[in-house]
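This report concerns only the one structure given below.
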Amino acid sequence: MKGAKKRIGGIIKILRKNYSHSRTALQFETPLQILVSTILSAQCTDEKVNEIIPSLFRKYRNAKDFASADKEKLEEEIRSTGFFRNKARSIINASKKIVDDFEGVVPEKMEDLLKLPGVARKTANIVLSSAFRKAEGIAVDTHVRRLAQRLGLSKEKDPDKVERDLMSFVPKKEWLDFNYMLVNHGRKVCQARKPNCPSCVISHLCPSAEDFYPDIKLNP
DNA sequence: CTCCCGATAT
DNA sequence: ATATCAGGAG
């Protein structure tokens, strides 16, 4: 990834200008809520997650509530987000550990968040950045992975390896915002099925633009 | 690598 | 019909 180091500054500068207004699309008020919402958001649109979390958070107000939840009931309440059995188990077991080992409070360190069942680096990074404004890494989800590959920022497929690549040349002060800028750009422009390179503000910095649109004029 | 899994766009 | 959506565990 040699060209990546040269282009990353321009990419970030332009994305920041275009997406500075929008932050996470997940609705939340507490660290526990962003943790649960992020678990629910796996392979599901944030839109569908936002539909069910108001009633969910009215019923379950803290980690102890989730820890003692009736599993079948919780499964039904989150069924529409898919993977509902796995997600219910993760939410309950993670909440139990928060109650047992962290005094009912969502931990603020990557090391501790990774001890929660159902929480890996992507979810931990989202909780750290959204709830605590800390960046111990860069959250790599399906959007970030796809854009990192298209932009020539990483050739890896494993999210943890993509994250390592990004951490090696994305300035640390940008880590906090890098994920949501790429997610927003991925949702609006650089979509999985139909990347809209003609209206992309960083197409001139993207080695994939000509692949998708052979006759494209690069001059944003 | 496979499995988990409903909702939506194409 | 099929791909994709703020992934993680076995």
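Note on naming: letters A, B, ... go to the chains in the order of the sequence lines (proteins, then strands), and numbering restarts at 1 for each one. Note that this is a predicted model, so its numbers are computed, not measured. Side-chain atoms are counted along with the backbone in the values below, which use heavy atoms only and exclude waters and symmetry mates.
Straight-line distance from the CD1 atom of A:Ile52 to the P atom of B:dG6: 14 Å, rounded to whole Å. Protein atom CG of A:Leu35 is 11 Å distant from nucleotide atom P of C:dG8, rounded to whole Å. Atom pair A:Arg121:CZ and C:dG8:C1' shows a separation of 14 Å (rounding to whole Å applied). In this structure, CZ of A:Arg79 is placed 14 Å from P of B:dC4, rounded to the nearest angstrom. Across the protein-nucleic acid pair, A:Glu77 atom CD and B:dC5 atom P stand 16 Å apart, rounded to whole Å. Rounded to an integer number of Å, the gap from CZ of A:Phe84 to P of C:dG7 is 18 Å. Rounded to an integer number of Å, the gap from OH of A:Tyr19 to P of C:dA6 is 14 Å. Here C:dA6 presents its P atom at 12 Å from CG of A:Leu147, a figure rounded to the nearest Å.
Taking side-chain N and O atoms only, A:Arg85 has a distance below 4.0 Å to OP1 or OP2 of B:dC5. Of the side-chain N and O atoms in A:Ser41, none sit less than 4.0 angstrom from OP1 or OP2 of C:dG7. OP1 or OP2 of C:dC5 lies within a sub-4.0 Å distance of a side-chain N or O belonging to A:Thr142. Between A:Arg187 and C:dC5, a side-chain N or O to OP1/OP2 separation shorter than 4.0 Å is absent. Taking only side-chain nitrogens and oxygens, A:Arg146 comes nearer than 4.0 Å to OP1 or OP2 of C:dC5.
Residue A:Phe83 is in base contact, counting any heavy-atom pair closer than 4.0 Å across all strands shown. Looking at heavy-atom distances under 4.0 Å, A:Ser90 makes no contact with the nucleic acid at all. Using a 4.0 Å heavy-atom distance criterion, A:Lys87 is classed as making no nucleic acid contact. When heavy atoms are screened at a 4.0 angstrom cut-off, A:Ser80 is found touching the sugar-phosphate backbone but no base atom. Nucleic acid contact for A:Val144: none, since no nucleic acid atom lies under 4.0 Å from a heavy atom of the residue. Within the 4.0 angstrom heavy-atom criterion, base atoms lie near A:Leu26. Residue A:Thr81 is classed as having no contact, given no heavy-atom separation below 4.0 Å to the nucleic acid. Across all strands shown, A:Asp46 has heavy atoms under 4.0 Å from sugar-phosphate atoms exclusively, and none from any base.
In this structure, the nucleotide among C:dC5, B:dC5, C:dA6 sitting nearest to the side chain of A:Gln43 is C:dC5. Here the nucleotide nearest the side chain of A:Ile126, chosen from C:dA6, B:dC5, B:dT8, is C:dA6. Minimum atom distance to the side chain of A:Lys48 is reached by B:dA7, of the listed B:dA7, B:dG6, C:dA6.
Between the side chains of A:Arg89 and A:Asn86, at least one donor N or O lies within less than 3.5 Å of an accepting N or O.
Going from atom CG of A:Leu15 over to atom CG of A:Leu147 covers 8.0 Å, rounded to the nearest 0.5 Å.
A:Phe102 and A:Phe132 fall within the same hydrophobic cluster, defined by Ile, Leu, Val, Met, Phe, Trp and Tyr side-chain heavy atoms under 4.5 Å apart, directly or through other members.
A gap of 24 Å separates the P atoms of B:dC5 and C:dA1, to the nearest Å. Using P as the reference atom, B:dC4 and C:dA6 are 22 Å apart when rounded to the nearest Å. B:dA7 and C:dA9 have their P atoms separated by 24 Å, given to the nearest Å. A gap of 16 Å separates the P atoms of C:dT4 and B:dC1, to the nearest Å.
Remark: the backbone N or O of A:Met110 is paired with a side-chain donor or acceptor of A:Glu136 at under 3.5 angstrom.
When each of A:Leu114 and A:His143 is assigned the nucleotide of DNA chain C bearing its nearest heavy atom, the one mapping closer to the 5' terminus is A:His143. Remark on DNA chain C: of its neighbouring residues A:Asp141 and A:Arg193, the 5'-side contact belongs to A:Arg193, judged by nearest-heavy-atom nucleotide. Each of A:Gly82 and A:Glu51 lies near DNA chain B, and the nucleotide nearest A:Gly82 is the one positioned closer to the 5' end.
In A:Lys161, the NZ atom is not crowded: 12 or fewer heavy atoms of neighbouring residues, nucleotides or ligands sit closer than 6.0 Å.
Contact check on A:Lys96 versus A:Asp100 returns no salt bridge, with no Lys/Arg side-chain nitrogen under 4.0 Å from an Asp/Glu carboxylate oxygen. Ion pairing between a basic and an acidic side chain is recognised when a charged N comes within 4.0 Å of a carboxylate O; A:Lys73 and A:Glu76 show no such pairing.
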